[in-house]
Amino acid sequence: MCGIMGYVGEKQALAVVVDGLRRLEYRGYDSAGVAVVSGGQLETRKKAGKLANLESLLGSDPLPESVIGIGHTRWATHGGPTDANAHPHVSEDGKVAVIHNGIIENFAELRDELTQAGVTLRSETDTEVVAHLLAAILPSTGMDLAEAMRLVCRRLSGAFTLVALHSDIPDVVVAARRNSPLVVGRGIGENFLASDVAAFIAHTRHAIELGQDQVVEITRDQITVTDFYGVPAEVTEYEVTWDASAAEKGGYETFMAKEIAEQPKAVADTLLGRVDAAGLLKLDEMRLTEAQLREIDKVVVIACGTAYHAGMVAKYALEHWTRLPCEVELASEFRYRDPVVNVRTLVIAISQSGETMDTLMAMRYAREQGARVLAICNTQGSTIPRESDAALYTHAGPEVAVASTKAFLTQLVACYLVALFVAQVRGNKFGDEISAIVRDLSDMPRKVDLVLDTSEEMKALAAELKDAPSVLFIGRHVGFPVALEGALKLKELAYMHAEGFAAGELKHGPIALLEEGVPVIVIVPSPTGRGLLHEKIVSNIQEVRARGARTIVIAEEGDESVVPYADHLIRIPACPTLMQPLVATVPLQVFAAAMAAAKGHDVDQPRNLAKSVTVE
Ligand code: M6R
């Protein structure tokens, strides 16, 4: 949830850290802070609000020059977004500074212990206890900072990435992780710590994955990783393939606008290299053997938010192409209901960040029950694919805007690939059938590009509807998850009531919401795909219109049957029924962003949210 950055090297640490925080700000933006060590003194600055507030504080109250520093952008959990609760937190002796991502579950107990020992805590956060615990150990025991960190971590429960600096040890930054993300960047004469690689790819592409319950110490020239008991750990180093410029706005007004525009390429990149010369799928990287795939008797998809909507679409494709039963479950609910999963269950965990705590916990639970877990993920080196039996990466590139766009489309593509691959391996489809579907998929980047042409219409519509109290979305079959996704986008960006329904459910209750002028966005399936499905939704449009709704109809080119019932008609390219979400979602993304902009909201960083939700 929070963005974390640490640096030691030859450059001015403050500039490196603040630049890293700018790239991490999407993780949380309630407050920001930095600490450096200079001339044996620890100096911090922190401020409530976005990073820009901290930058203006640094302008009026500059920090001294330094080659070592840490920085944080916060998404508040314990304690409101105030200056006092902003990180770093400093020990009473002014020597230790700590930043943290996660939740320390036993902090109340530790806080009481510190208070009884006479320590005065100055914030409402769970983090501050760590600064005091480290400070209490260091002078009396002669331990170094990493040893002290290991000792403290053994006392903590919950999820945490911690990064600490000590004024008497001006060449070392120490960090620890449990259930919360942390990557190390290896440079030449400089090293980095960050919540994700975006923070340091402008400086180095060499990254090191940190395992669970590990402590890392970085100096200018050394990186030392151990477990919480000091046992040296083996590390996996990898090359970051993302381009530094991919995490810049590149001339667009918002990251979201850029990421929407990048979707044709993201879809194409996710397909790239996954089809052989015969038009069949090759997903060797998935690390599941054909024998294992043949043993499966059920698929369970777990995910949150937008990724859950991708999972809903996956169910339609999986069941249709493989004839395997598929359940889709919100990851946050999964492990609390005693789900029936076993060695013959394939669990697919979908996550852009690879760090969503709800998904991670659900996935661990599934593995404990013996299920095989396949991660569909966008972030190399993240925890979910690392802890899975198999992984299929989406190639969306860094997604910076909090609202997920290109990650969703690439998750859909990855789901289609997995479903089709399972069908291929299990012999549910003949080779020529597989290659025909692959051909359809390969044409989708072009169709996603075409649908971007609806953007101006969607923006004009948003200008008209910006004061609507509520917007409803309806769809059937794969149009239902698209309706849910359209509503989620509108809620998170435009802060307004928006709901998605299965069109057939309307008459069972929600139709009572309709009154004169309520905008209802209808996702119409292909008329050539499943005739009955199309027919039913045309009736649903008439039902809502008869009750005064203003109908905004998203229908394929050439579908004339909807024309008489559409107050606004948005045309999307014709495509196979199962693949329609790849095009039907795009106008809804543009609409939500335009509604937010029309209302004067921050499109990339909507209130109360964070890109990566690393708490349960
Ligand atoms: O990183 P993940 O894909 O696991 O994230 C899951 C959700 O938190 C995410 O999709 C969220 O719903 C987006 N902000 C929606 O736009």
Side-chain angles (χ1 to χ4, degrees), residues 1 3 24 26-29 75 101 179-181 195-196 198 254-256 259-260 263 266 301-314 328-334 348-364 373 375-388 391-394 396-412 414-415 481-482 484-495 498 500 585-586 588-593 595-596 601-616:
M1 296 302 259
L24 293 178
Y26 67 88
R27 299 180 74 91
Y29 31 84
W75 186 85
N101 175 25
N179 288 334
S180 196
S195 307
D196 78 48
T254 61
F255 277 109
M256 186 172 172
E259 288 159 9
I260 289 173
Q263 291 183 111
V301 184
I302 47 174
C304 301
T306 289
Y308 172 73
H309 299 151
M312 287 178 76
V313 175
V328 192
E329 177 120 18
L330 288 168
S332 54
E333 288 293 316
F334 181 70
I348 303 181
I350 309 177
S351 175
Q352 186 284 131
S353 61
E355 300 292 351
T356 299
M357 186 59 74
D358 290 314
T359 311
L360 178 62
M361 289 303 173
M363 177 204 117
R364 283 187 184 158
V373 176
I376 290 181
C377 185
N378 192 43
T379 312
Q380 230 184 327
S382 57
T383 311
I384 290 173
R386 239 185 21 240
E387 291 196 15
S388 296
L392 188 72
Y393 283 97
T394 51
E399 191 180 67
V400 177
V402 166
S404 190
T405 54
K406 60 178 180 169
F408 177 65
L409 261 60
T410 58
Q411 284 162 354
L412 292 176
C415 289
V482 172
L484 294 177
E485 177 61 8
L488 176 63
K489 283 285 148 310
L490 206 52
K491 278 184 261 207
E492 71 177 328
L493 294 173
Y495 318 153
T585 310
V586 177
L588 305 184
Q589 298 167 341
V590 175
F591 177 64
M595 288 285 269
H601 301 328
D602 187 328
V603 172
D604 287 334
Q605 296 178 344
R607 71 181 178 201
N608 301 337
L609 291 170
K611 179 80 182 154
S612 176
V613 185
T614 53
V615 291
E616 266 189 291

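Order of appearance sets the numbers: ligands from 1, and atoms from 1 within every ligand. Because the structure is a prediction, the values reported are computed rather than measured.
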Seminar exercise, completed: for atom 3 (O) of ligand 1, nearest protein heavy atom and its distance come out as Q352 N, 2.6 Å
Problem set entry | Qualifying residues under side-chain hydrogen bond (donor to acceptor under 3.5 Å, both in side chains), relative to Y26, sequence neighbours excluded | D196
Problem set entry | Name of the residue among L588, T306, T405 meeting side-chain contact (heavy atoms from CB on, under 4.5 Å) with E485 | T306
Seminar exercise, completed: Contact region, K489 to ligand 1, non-hydrogen atoms below 4.0 Å, reads side chain
Exercise. Got a donor-acceptor contact below 3.5 angstrom from the S353 side chain to the E355 backbone?
Worked result: yes
For this session: Decide whether S404 and E399 meet the rule of one side-chain donor and one side-chain acceptor closer than 3.5 Å.
Result: yes
Exercise. In the protein, what heavy atom is nearest to atom 8 (O) of ligand 1, and what distance, to one decimal place, separates them?
Worked result: V613 CG2, 4.1 Å
Exercise. By number and element, which atoms of ligand 1 are closer than 4.0 Å to a non-hydrogen atom of A403?
Worked result: 16 (O)
Exercise. What atoms of ligand 1 come closer than 4.0 angstrom to any heavy atom of G305?
Worked result: 12 (O)
Exercise. So, the side chain of T383 versus the backbone of S180: is there a donor-acceptor pair under 3.5 Å, distance only?
Worked result: no
Exercise. Sub-3.5 Å donor-acceptor pair from the side chain of E259 to the main-chain atoms of A401, do we have one?
Worked result: yes
Seminar exercise, completed: Counting heavy atoms under 4.0 Å, the part of E492 that contacts ligand 1 is side chain
Problem set entry | Closest to atom 6 (C) of ligand 1 among C304, S404, C377 (heavy-atom distance) | C304
For this session: Check for a donor-acceptor pair, side chain of N378 on one end and backbone N or O of G397 on the other, with a separation under 3.5 Å.
Result: yes
Exercise. What do you reckon, does G354 have a nitrogen or oxygen under 3.5 Å from a nitrogen or oxygen of ligand 1?
Worked result: no
Seminar exercise, completed: ligand 1 atoms nearer than 4.0 angstrom to some heavy atom of T306 are 10 (O), 12 (O), 15 (C), 16 (O)
For this session: Can you measure from OH (Y495) to CG (L490) and round to the nearest 0.5 angstrom?
Result: 12.0 Å
Exercise. Atoms of ligand 1 less than 4.0 Å from A307 heavy atoms?
Worked result: 3 (O), 10 (O)
For this session: Applying side-chain hydrogen bond (donor to acceptor under 3.5 Å, both in side chains), name anything that partners S388, two or more places apart in sequence or on another chain.
Result: none
Exercise. Can you tell me the protein heavy atom closest to atom 2 (P) of ligand 1 and the distance?
Worked result: T356 OG1, 3.2 Å
Exercise. What about S351: any of its N or O atoms under 3.5 Å from an N or O on ligand 1?
Worked result: yes
Exercise. Where is the nearest protein heavy atom to atom 1 (O) of ligand 1: which residue, which atom, and how far?
Worked result: S353 OG, 2.7 Å
